[in-house]
Protein chains: 2
Amino acid sequence: MDSEGDVAKLLREAGIRPTLQRMQVAEVVLRKDQHLSAEQILTELDYNGAPVSKATVYNTLGLFAARGLVREVLIDAARVFYDSNTRPHHHFYNTDTGALVDFPASQVVIENLPAPPNSARIESVDLVIRLRNKG
Amino acid sequence: MDSEGDVAKLLREAGIRPTLQRMQVAEVVLRKDQHLSAEQILTELDYNGAPVSKATVYNTLGLFAARGLVREVLIDAARVFYDSNTRPHHHFYNTDTGALVDFPASQVVIENLPAPPNSARIESVDLVIRLRNKG
DNA sequence: TTGGGTGCAAACTATTTGCATTCGA
DNA sequence: TCGAATGCAAATAGTTTGCACCCAA
């Protein structure tokens, strides 16, 4: 786990002023590679005796995502996860169990992508493979 | 555009009882290949003088999606689109303009997908390419 | 000081639930 | 007649906005 000092450094390096609330959110989210919803983060903060408001959690996650510290993963209607693994990767999502599993982008070959319309540039390529248990 | 009779037939063929509200939603959504949000559909129904409740629109879209008449596309946090193009395809999404454009899945080659964990079966493979305008 | 940055209460929006009603057998 | 299906008001859950406060320059 990152010490408090390390988290502050991480935030500063990302151009984010390391305030108390942001460090608390970062401690929970960036501790290891994982997928957490805003709600889960909020719950954990409360449990840790670090009550940060809902709005601040959302705003902070949005900021972290904009600066590349976490990645938003859209999985279900109105169910966003924040993924602290920022290496290029894609996702398996088991619709029966809710399990979300990363796999490296390097492993997959995606070829013959059409040219983006209106000569826009590609910002991200997200592959989500939805699974269902057999039987 | 489908006549009313055709829409009723379409719903029956999908195993859906063709009630008034469902036919009204279907007329709007299935008229042509397009991406619509629940809100847009609701607005158009009101405009057409066919006021179906919000809850019924959501439930009906959920039913249509379950029966394969439309496909849910997750684009933004809390922004679901219902795509009446059910042929296999993927999406370009321009984050600057909000434009959502289909491209055929047949065009793209995706290789070396890892085996699904726990021997679950693949339900869908969704590729979303986010774009940003140059400059 | 002071102007952008920050945190949060409150407002807002999207979606789901629970139940009275209706439908088809 | 009766259980399942249906439609919707109300409740819930998720997210954003607007503003008072704070802090670095």
Side-chain angles (χ1 to χ4, degrees), chain A residues 7-8 11-12 14-29 35-46 48-67 69-83 95 98 100, chain B residues 7-8 11-29 35-46 48-67 69-83 95 98:
Chain A
V7 169
L11 294 183
R12 255 186 244 103
I16 296 169
R17 199 198 308 170
T19 65
L20 178 61
Q21 288 86 342
R22 286 167 180 179
M23 300 221 292
Q24 286 170 334
V25 173
E27 286 284 353
V28 170
V29 177
H35 307 97
L36 293 173
S37 66
E39 187 58 30
Q40 289 174 307
I41 293 163
L42 204 44
T43 302
E44 186 150 347
L45 287 169
D46 280 352
N48 291 353
V52 180
S53 80
K54 234 180 183 187
T56 296
V57 170
Y58 275 99
N59 291 341
T60 300
L61 290 169
L63 181 63
F64 285 6
R67 301 305 169 87
L69 292 180
V70 298
R71 183 172 145 189
E72 287 190 349
V73 187
L74 300 167
I75 288 305
D76 260 347
R79 181 134 227 97
V80 183
F81 285 93
Y82 292 88
D83 188 343
T95 53
L100 186 60
Chain B
V7 170
L11 295 182
R12 254 186 246 101
E13 283 169 358
I16 296 170
R17 199 200 307 172
T19 65
L20 178 61
Q21 288 87 343
R22 285 167 183 180
M23 300 220 293
Q24 285 170 335
V25 173
E27 285 285 354
V28 169
V29 177
H35 307 95
L36 294 173
S37 66
E39 189 58 30
Q40 289 174 307
I41 293 163
L42 204 45
T43 302
E44 185 149 348
L45 287 170
D46 280 353
N48 292 354
V52 180
S53 82
K54 231 180 184 189
T56 297
V57 169
Y58 275 98
N59 291 341
T60 301
L61 290 169
L63 182 62
F64 285 6
R67 301 305 169 87
L69 292 179
V70 298
R71 183 171 144 191
E72 288 190 349
V73 188
L74 300 168
I75 288 304
D76 260 348
R79 181 134 228 101
V80 182
F81 284 94
Y82 292 87
D83 189 344
T95 53

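Residue numbers begin at 1 in each chain, while the letters A, B, ... track the order of the sequences.
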Starting at [atom1] of [X], measure out to [atom2] of [Y] and round the result to the nearest 0.5 Å.
X: B:Lys54; Y: B:Ile41; atom1: NZ; atom2: CD1; result: 12.5 Å
X: B:Ile16; Y: B:Met23; atom1: CD1; atom2: CE; result: 12.5 Å
X: A:Leu36; Y: A:Leu42; atom1: CG; atom2: CG; result: 12.0 Å
X: A:Arg22; Y: A:Leu63; atom1: CZ; atom2: CG; result: 5.0 Å

Decide yes or no on side-chain contact (heavy atoms from CB on, under 4.5 Å) for A:Val80 and A:Ile75, but give the supporting numbers first.
CA-CA 6 Å; A:Val80 183; A:Ile75 288 305; over 6 Å; no
Q) Do A:Glu72 and A:Tyr82 come within less than 4.5 Å of each other through their side chains, counting heavy atoms only? A)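 SC-SC contact between A:Glu72 and A:Tyr82 confirmed.
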Close side-chain approach of B:Leu11 to B:Leu69, heavy-atom, < 4.5 Å: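 Sidechains of B:Leu69 and B:Leu11: in contact.
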Nearest whole Å is fine: how far is [N] [atom2] from [X] [atom1]?
X: A:Asp76; N: C:dT16; atom1: CG; atom2: P; value: 9 Å
X: A:Tyr58; N: C:dA11; atom1: OH; atom2: P; value: 18 Å
X: B:Gln24; N: D:dC8; atom1: CD; atom2: C1'; value: 14 Å
X: B:Leu63; N: C:dT15; atom1: CG; atom2: P; value: 17 Å
X: A:Phe64; N: C:dG7; atom1: CZ; atom2: C1'; value: 14 Å
X: A:Arg22; N: D:dC22; atom1: CZ; atom2: P; value: 16 Å
X: B:Asp46; N: D:dC8; atom1: CG; atom2: P; value: 12 Å
X: B:Lys54; N: C:dT13; atom1: NZ; atom2: P; value: 9 Å

TODO: Please state whether the phosphate of C:dG7, meaning OP1 or OP2, lies under 4.0 angstrom from any side-chain nitrogen or oxygen of A:Thr19.
DONE: yes
So A:Thr56, base contact, sugar-phosphate only, or nothing? Heavy-atom distance under 4.0 Å.
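Base: the residue A:Thr56, judged by heavy atoms under 4.0 Å, touches a nucleobase.
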Handout entry: Proximal nucleotide (of C:dT15, D:dA9, D:dT16) relative to the B:Val80 side chain
Key =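 Selected nucleotide: C:dT15.
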Could you say whether B:Arg17 or B:Asn59 is positioned toward the 5' end of DNA chain C, judged by the nucleotide with the nearest heavy atom to each?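 Looking at DNA chain C, the more 5' nearest nucleotide goes with B:Asn59.
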Ordered by number, residues from residues 37-44 of chain B within less than 4.0 Å of DNA chain C (heavy atoms) are B:Glu39
